[in-house]
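Single-structure report; data block below.
Hydrogens, waters and symmetry mates play no part in the numbers below; they use all other heavy atoms, side chains included. All ligand and atom numbering here is 1-based and tracks the order in the structure. This one's a predicted model, so the numbers in the text were calculated from it and none came from an experiment.
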Amino acid sequence: MVRVSRVVPGSICDEMGIVAGTELLTVNGRQLADFLDWEFLTADDELVIEAKLPTGEEIVYEVERPEGEALGAELEPPTVRRCANKCEFCFIEGLPQGLRKPLYVRDDDYRLSFAYGNFATLSNVKERDIARILEYRLSPLYVSVHATPWEARKILLNNPRVPNILEQLTRLAEGGIQFHSQMVVVPGLNDAEILEQSLADLWNLGDAVLSVALVPVGVTQFSHLYNGRPMDAENAGRILEAVERWEERALAERGDRWVFGSDELYLLSERALPSAEHYGDFSQIENGVGAVASLRERVRDGLADLPRLDGKRIGVVTGVSMAPLMPELLDAIAEKTGARFTLIPMENSLFGPTTTTAGLLVGADIRRALSDRHDLDLALIPAETINDDGLFLDEERFIALREAMPMPVYPSYDFIDVLALEGEPLLTGRHAA
Ligand code: SF4
């Protein structure tokens with residue numbers, strides 16, 4: 001059964017009399033377990049839908065749907081499948097106590113992998129789930145592989161019952177499913193022969209593996225499970241050498257790079273980051289692969305849209321790892337606009353100094369950075385620090401913070417998104433609603 005959360009006014013479901021709270025029971029005789037069933041089983045044009053209204057009345061609807069017309073029922077979110085692993089490097093295990101409960105949810109859900117691109121390990125996938133993936137052709141999936149040798153993977157996921165990922169992927173690949181995959185690389189566990197073996201195994205799955213991202217292990221001062229070494233420059237450099245070897249082969253044999261190192265590997269090893277062309281369609285940008293190249297490209301392309309901001313003093317708050325990359329971008333914007341930029345790199349007060357990502361800065365860090373800066377006309381903060389509810393990770397509300405600061409403050413993804421707003425309203429904060 002799935003429950004309706006909203007019905008689009010004027011839609012087919014609206015005309016049928018379905019309302020929020022209605023339980024959708026079956027479609028063409030098949031029971032509904034979740035949004036996937038609803039989405040795929042209602043793909044036909046002739047439908048018999050059994051439903052139970054909030055009044056308790058059960059109704060069977062016979063529906064002939066005009067081609068391409070949506071039914072118009074939005075469903076309550078599914079119960080997320082929890083992760084059965086206990087990876088030492090798990091970011092959630094590295095969260096401090098006392099944050100909002102949803103932040104501690106370790107999801108591992110192939111349905112969300114298909115629907116939203118969340119990475120899943122497939123550790124908790126049962127036979128019936130495999131059958132569904134194949135029947136509904138849930139492709140591409142985003143899979144956290146970490147290692148293909150079974151024993152190594154059990155150690156990495158800290159789960160002796162983890163299934164053999166190579167068998168799972170092979171079976172799904174034979175059914176036409178494709179994957180974007182990732183490996184979190186942990187020094188001493190999956191960085192040398194295991195890395196090489198894993199890349200070879202994934203390569204042997206042919207076109208089924210669309211891309212592989214190599215991401216360095218990242219731990220915070222609260223990562224109580226992690227006993228290993230942190231990733232260092234030398235190790236990061238060796239991983240990038242493996243990337244180069246495999247991408248050379250991939251370019252020659254299949255015409256795309258196939259394997260990518262995350263931006264952090266380049267920053268750690270102090271190697272130059274590739275340009276935007278390197279990343280093709282940026283299929284793993286959410287994984288920190290090509291994010292810097294994308295930012296550089298957006299700034300370069302957006303310069304022409306910027307107004308003059310002569311003499312205006314603009315503060316830019318960022319994390320420690322991104323700070324060295326900012327001057328080249330801000331210099332270009334300053335030249336085009338006449339604005340004067342002040343870069344404000346901040347250490348992370350919640351996660352500790354080893355967490356240097358700009359997007360993980362918390363409200364307290366932004367407050368510390370800006371509350372005494374009466375010299376600034378405007379401040380930009382990383383937009384990734386705020387969730388859809390307007391909250392920082394430490395539960396500070398952006399609106400409250402903004403009102404307490406001595407200058408207009410804007411969340412920004414790429415500077416252009418804010419600075420291209422007209423100059424004067426921008427500087428008086430009238431765009432800040
Ligand atoms: S798979 Fe590992 S890293 Fe991902 S949520 Fe589970 S324990 Fe954490």
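Remark: atom 4 (Fe) of ligand 1 lies closer than 4.0 Å to no protein heavy atom.
If you look at atom 8 (Fe) of ligand 1, the protein N, O or S atoms less than 2.8 Å from it are Cys90 SG.
The shortest side-chain heavy-atom distance between His146 and Phe89 falls under the 4.5 Å cut-off.
Under 4.0 Å is where a charged nitrogen must lie from a carboxylate oxygen, and between Glu403 and Arg397 no such pair does. A salt bridge does not link Arg171 to Glu174: none of the charged nitrogens lies less than 4.0 Å from a carboxylate oxygen. Arg81 and Asp129 are joined by a salt bridge, as a carboxylate oxygen and a charged side-chain nitrogen come within less than 4.0 angstrom of each other.
Those atoms of ligand 1 with a heavy atom of Thr121 less than 4.0 angstrom away are 1 (S).
Results of the salt bridge (charged side-chain N to carboxylate O under 4.0 Å, His left out) test with Asp37 over Arg132, Arg111, Arg30 single out Arg132 as the only residue that passes.
Judged by distance alone, the side chain of Glu347 and the main-chain N or O of Asp365 form no donor-acceptor pair under 3.5 Å. The main-chain N or O of Ser113 is never found under 3.5 Å from a side-chain atom of Asn118 such that the two would form a donor-acceptor pair.
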